[in-house]
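Working notes, beginning with the structure itself.
Note that the structure is predicted; figures quoted are calculated from it, not measured.
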Amino acid sequence: QVQLVESGGGLVQAGGSLRLSCAASGRTFSSYAAGWFRQAPGKEREFVAAINWSGSTISYADSVKGRVAISRDNSENTVYLRMNSLKPEDSAVYYCACKAGRYSNSDYRDYDYWGQGTQVTVSS
C-alpha cells in the first residue's frame, strides 16, 4: 500500500508559478513510477507528467511541455511538479499517482494509488 498526499496548490495569477509536492508513505516508493494528472470541472482526467522509478525517464503532455518539470526525491519519498507560466486553462484539481513497476506512462488507468488532489486556480 502507498498513500499519497499532495500539497502546494492555490490561487495564482496568469504567468505565475507553483510547485506541487506529493509525499508518499511506504518504504518501497522508489520502486514505483509516478505521475501527475489533472481534472477540470466537466472534463476528463488528463495526463500532465510522469516519471519512472529513478527519474531517468520523464514525459509530459504537449499542453504543458516547456512549462512544467516533474522530479522526485526517493530519499524523501516525494514527487514534485514545478509549473511555470501558468495559464487560466491550467486550472484544475491536480492529482499525484503512482503505479507498481518502474516504468511510467500517460494512461491514468494504469496507476494504482492516488492522492486526494490539490486545487490549482489560475486567474487571468
Side-chain angles (χ1 to χ4, degrees):
Q1 285 282 348
V2 178
Q3 291 185 323
L4 304 172
V5 179
E6 301 99 333
S7 61
L11 174 65
V12 63
Q13 289 187 333
S17 299
L18 283 174
R19 189 180 79 157
L20 307 184
S21 299
C22 174
S25 65
R27 291 174 290 177
T28 60
F29 177 68
S30 60
S31 64
Y32 288 81
W36 285 93
F37 297 80
R38 66 187 183 187
Q39 188 165 19
K43 295 188 176 181
E44 293 188 355
R45 189 164 299 191
E46 66 171 345
F47 168 71
V48 177
I51 188 166
N52 74 333
W53 68 280
S54 67
S56 62
T57 301
I58 289 172
S59 58
Y60 298 104
D62 288 342
S63 59
V64 302
K65 197 171 293 183
R67 298 189 297 118
V68 307
I70 188 172
S71 61
R72 68 188 295 163
D73 184 343
N74 286 339
S75 68
E76 296 292 333
N77 280 5
T78 304
V79 178
Y80 302 97
L81 185 71
R82 176 69 180 183
M83 303 189 292
N84 300 317
S85 302
L86 283 162
K87 306 175 181 179
E89 51 264 43
D90 293 319
S91 297
V93 177
Y94 282 70
Y95 297 92
C96 173
C98 66
K99 61 185 291 290
R102 295 184 165 187
Y103 303 101
S104 60
N105 61 38
S106 61
D107 190 340
Y108 73 89
R109 294 168 295 182
D110 288 338
Y111 285 75
D112 304 296
Y113 302 102
W114 291 83
Q116 81 289 349
T118 185
Q119 177 71 49
V120 171
T121 303
V122 184
S123 63
S124 57

What is the distance from atom [atom1] of [X] to atom [atom2] of [Y], rounded to the nearest 0.5 Å?
X: Phe29; Y: Asp73; atom1: CZ; atom2: CG; answer: 9.5 Å
X: Ser104; Y: Trp36; atom1: OG; atom2: CH2; answer: 14.5 Å
X: Arg19; Y: Met83; atom1: CZ; atom2: CE; answer: 12.0 Å
X: Asn105; Y: Asn52; atom1: CG; atom2: CG; answer: 11.5 Å
X: Ser71; Y: Leu81; atom1: OG; atom2: CG; answer: 8.5 Å
X: Arg82; Y: Leu18; atom1: CZ; atom2: CG; answer: 8.0 Å

For [X] and [Y], indicate whether the former's side chain and the latter's backbone hold a donor-acceptor pair under 3.5 Å.
X: Asn74; Y: Ser54; answer: no
X: Ser25; Y: Gln3; answer: yes
X: Glu6; Y: Thr118; answer: no

Please report the closest heavy-atom contact between [X] and [Y], naming both atoms and the distance.
X: Tyr60; Y: Ala49; result: CD2-CB, 3.5 Å
X: Asp112; Y: Lys99; result: OD2-CA, 3.3 Å
X: Ala92; Y: Ala40; result: CB-N, 3.8 Å
X: Trp53; Y: Ser31; result: CB-C, 4.3 Å
X: Val93; Y: Gly117; result: CG1-CA, 3.8 Å
X: Val64; Y: Arg38; result: CG1-NH1, 3.9 Å

Same cluster or not: are [X] and [Y] linked, directly or through other Ile, Leu, Val, Met, Phe, Trp or Tyr residues, by side-chain heavy atoms under 4.5 angstrom apart?
X: Val5; Y: Trp114; value: no
X: Phe37; Y: Leu4; value: no
X: Val79; Y: Val68; value: yes

Quiz item: Please walk me through it: do Tyr108 and Tyr95 pass ring-ring contact (aromatic ring centres under 6.0 Å, His included)?
Solution: CA-CA 10 Å; Tyr108 73 89; Tyr95 297 92; over 10 Å; no
Quiz item: Leu20 versus Val120: any side-chain heavy-atom pair under 4.5 Å?
Solution: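 Yes, close enough: below the 4.5 Å cut-off.
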Quiz item: Is there side-chain contact between Cys98 and Arg72, with at least one heavy-atom pair below 4.5 Å?
Solution: no
Practice problem: Please determine, by modelled atom types, if Asn84 and Ser17 share a side-chain donor-acceptor pair under 3.5 angstrom. | Solution: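 Yes, because at least one side-chain N or O of Asn84 sits under 3.5 Å from a partner of the opposite role on Ser17.
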Practice problem: Would you mind checking if Lys65 and Asp62 are paired as a salt bridge, meaning a charged N to carboxylate O distance below 4.0 Å? | Solution: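 Yes, Asp62 and Lys65 are salt-bridged.
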Quiz prompt | Over 12 foreign heavy atoms within 6.0 Å of CD, Gln119 | solution = yes
